[in-house]
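Here the structure comes first, spelled out in structure tokens, and everything after it is commentary.
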Amino acid sequence: MAARPPRFVLFIVFCIAIGGLLFGYDTGVISGALVVIKDEWGLTSTQQEFIVAGTTLGAIGGGLAAGYFADRWGRRLITLLSSVVFIAGALIMTFSSHYSVLIAGRVVVGLGVGAASMVAPVYIGELAPREFRGRLVTLNVLAITGGQLVAYLVTWALADVHNGWRWAFAVSAFPAAIQLCCLPWLPESPRVLIQRGRDDRARAILQRINGAKVPASVVDGELDEMRESMRRESSTRYRDLLRKANLWPLAVACGLQLMQQFSGFNSTLYYSSTILKMAGFSSNKSATQFSIAIAATNMVMTIVAIAIIDRFGRRRLLMTSFAGMIVGLVLLGIAFIFVVGLVTITKDQCGEYAWCSACALDDRCGWSQGSSVCAAKAAGLFDDLTDTCEPTTGRERAGTWLALASLIFYVALYAVGLGNVPWLVQSEIFAQGIRSKAGSIATATNWVSNFIISVTYLTMTQHITASGTFWLYAGIMVLGLVFVYLMVPETKGLRLEDIQRLFVEGGLAHRKRPAPAAKISPATSSSDSDSRKASGEASDGLLDGSHAIR
């Protein structure tokens, strides 16, 4: 095995992973931009929620459309179209002069996000040499988390710049333009070329990807495997998911994707600056600055997860992640009691809010620093009303830092388990012929639940309090922990056939034990080695059309 992939392959992965970078940037940039846009345009909580959810709504349609057209038109053309869509969305948001125009721009960008979330990992996986596929596809995950971190850094740097949020949206057009410039040198996926009957071209690309030292017989064998895989996929139908052997893994995949979103993580991603401002970090810039620590935690712990997942196992890592997130959410709720109190934003009169932090959460109200009272903005009784609150007591200062610490802890435990494992498990538990169809359903579950969380978070903080919202998420995580314990078997180190047998045999997951690895005799070493390679490909989640949605 070569020490590293050929330079041509690294160039391909770099160009395609720009889609993951844009995915992360466009989902992360709204956090810092929203706190400024809210003040500038006087947005209500519902309007803020729909600005955030616009990208998710677009991603649902973009992902479904890309899944269909990527097979008909090819991965390369869909990548080109997604780059154009990213640029168009960036321009619409940059020059938006009204709330509805900004929503339209967010939806357009969402189409690109959905297409990138589907095409980028599949494209990389189908062009990467087999021995490097796991690591190369993982680079797309790092690109997503890296894009989120870059988004926080950009919005922080532009927080005090006039129209800084417009520049932050405009920045996303530049990586898309770079990707467009790379496309003339990107080859089409060999699978697509085989589908079109261009076997010679597919063979030439595979030879270049694997390197000149790889024998032609190996390349021909890989072509035969692709043909067989495509034959199996074309012979299955969605109704096959209703078979007993497929229903349990489908329930596991959809359940984990549902829990990934209902954990509330994307609320912390989309609204992290808003959350920290609510928690007592008074200025937009300070709130965005500490959001950078959250994004960096997400990226670093994703790297940690990649390093330890094969050692600790999927099931154990998931249960550890759920338990840690429960603790983080409970502490986050306690922190908000110190800062805001258990106050619902349903008061008839602004004067009924006794604390600045609670007053600032109501869109109708502002806090008078000079008079230390909450008053209606429309009344015009005070000229110093603000929604910025400085912690003034030891209790509020302690709550502020406890909120930041518990938020970072929560994100770390998410990134190390629930943020990654569902996608890996989803790629392992389905038979080859049904994997793409089942994966598309599970991925749609992720995006739809993402949309639900996006449009309900701020409303819930106003009606059941910020603390109650985090505790609700914690309660869902308790149910998720039980779900993992009863339903999700350990798949670490198992061949694909052994994993499928776990579901066919029936019984609860906590009673199952992974089958010991069989010893390989000289007579069977070649075929077993091929089986392990096939399992490795499944474990990397290369062919299911889905990947990490952050």
Side-chain angles (χ1 to χ4, degrees), residues 26-56 92-107 109 151-152 154-170 266-292 294 336 339-340 343 345 350 353 356-367 374-378 384-390 403 453-463 466 469:
D26 282 311
T27 54
V29 71
I30 195 60
S31 175
L34 189 60
V35 293
V36 181
I37 298 171
K38 170 185 175 292
D39 294 341
E40 186 173 319
W41 287 1
L43 300 179
T44 66
S45 296
T46 300
Q47 288 176 319
Q48 293 176 66
E49 287 171 338
F50 275 96
I51 287 177
V52 170
T55 295
T56 305
I92 293 172
M93 292 187 298
T94 300
F95 295 104
S96 59
S97 57
H98 189 268
Y99 166 74
S100 59
V101 179
L102 181 58
I103 289 286
R106 292 287 293 168
V107 172
V109 162
Y152 283 115
V154 169
T155 52
W156 171 75
L158 297 174
D160 295 330
V161 176
H162 178 63
N163 284 329
W165 63 270
R166 296 182 185 275
W167 286 106
F169 287 137
N266 276 325
S267 293
T268 67
L269 172 66
Y270 300 147
Y271 297 108
S272 59
S273 292
T274 301
I275 291 172
L276 290 171
K277 196 173 179 184
M278 287 163 53
F281 292 92
S282 56
S283 70
N284 293 337
K285 188 164 187 175
S286 66
T288 304
Q289 178 179 344
F290 283 104
S291 293
I292 295 172
I294 296 170
F336 270 76
V339 178
V340 181
V343 180
I345 311 304
C350 292
Y353 296 116
C356 174
S357 298
C359 175
L361 294 180
D362 194 320
D363 298 322
R364 305 166 302 161
C365 309
W367 185 261
C374 186
K377 296 176 181 177
D384 63 341
L385 295 184
T386 179
D387 61 358
T388 296
C389 302
E390 292 280 356
I453 289 295
S454 301
V455 299
T456 58
Y457 171 73
L458 290 179
T459 300
M460 287 198 301
T461 62
Q462 292 182 342
H463 288 84
T469 300

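The residues of the chain are indexed from 1 along the displayed sequence. Keep in mind it's a predicted model, so treat the numbers as computed, not measured. No hydrogens, no waters, no symmetry mates; every other heavy atom, side chains included, goes into these values.
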To the nearest 0.5 Å, how far apart are SG in Cys350 and NZ in Lys377?
-> 9.0 Å

Could you pull out the closest heavy-atom pair between Ile92 and Ala104, with the gap in Å?
-> CG2-C, 4.5 Å

Just how far is it from atom CG of Leu158 to atom CG of Asn163, taken to the nearest 0.5 Å?
-> 10.5 Å

Might you work through the side chain to side chain contact (heavy atoms under 4.5 Å, CB included) test for Thr155 and Val29, ending with a clear yes or no?
-> CA-CA 7 Å; Thr155 52; Val29 71; 3.7 Å; yes

Could you tell me which residues satisfy side chain to side chain donor-acceptor pair (under 3.5 Å) with Trp165, sequence neighbours excluded, listed by chain and number?
-> Glu40

Apply side chain to side chain contact (heavy atoms under 4.5 Å, CB included) to the pair Phe50 and Tyr99, showing each step before the final yes or no.
-> CA-CA 10 Å; Phe50 275 96; Tyr99 166 74; 3.5 Å; yes

Might you point out which heavy atoms bring Met93 and Val109 nearest each other, and give the distance in Å?
-> CE-CG2, 3.4 Å

May I ask you to decide if Val101's main-chain N or O and Ser96's side chain share a donor-acceptor pair within less than 3.5 Å?
-> no

Partners meeting side chain to side chain donor-acceptor pair (under 3.5 Å) with Ser100 (sequence neighbours left out) = His98

To the nearest 0.5 Å, what is the distance between NZ (Lys38) and CD1 (Ile51)?
-> 11.5 Å

Output for pair (Trp41 CH2, Gln48 CD), nearest 0.5 Å, gives 12.5 Å

Distance only, no hydrogens: is a donor on one side chain within 3.5 Å (strictly under) of an acceptor on the other, for Glu49 and Thr456?
-> no

Between Thr94 and Arg166, is any side-chain donor less than 3.5 angstrom from a side-chain acceptor?
-> no

Phe169 versus Leu102: any side-chain heavy-atom pair under 4.5 Å?
-> yes

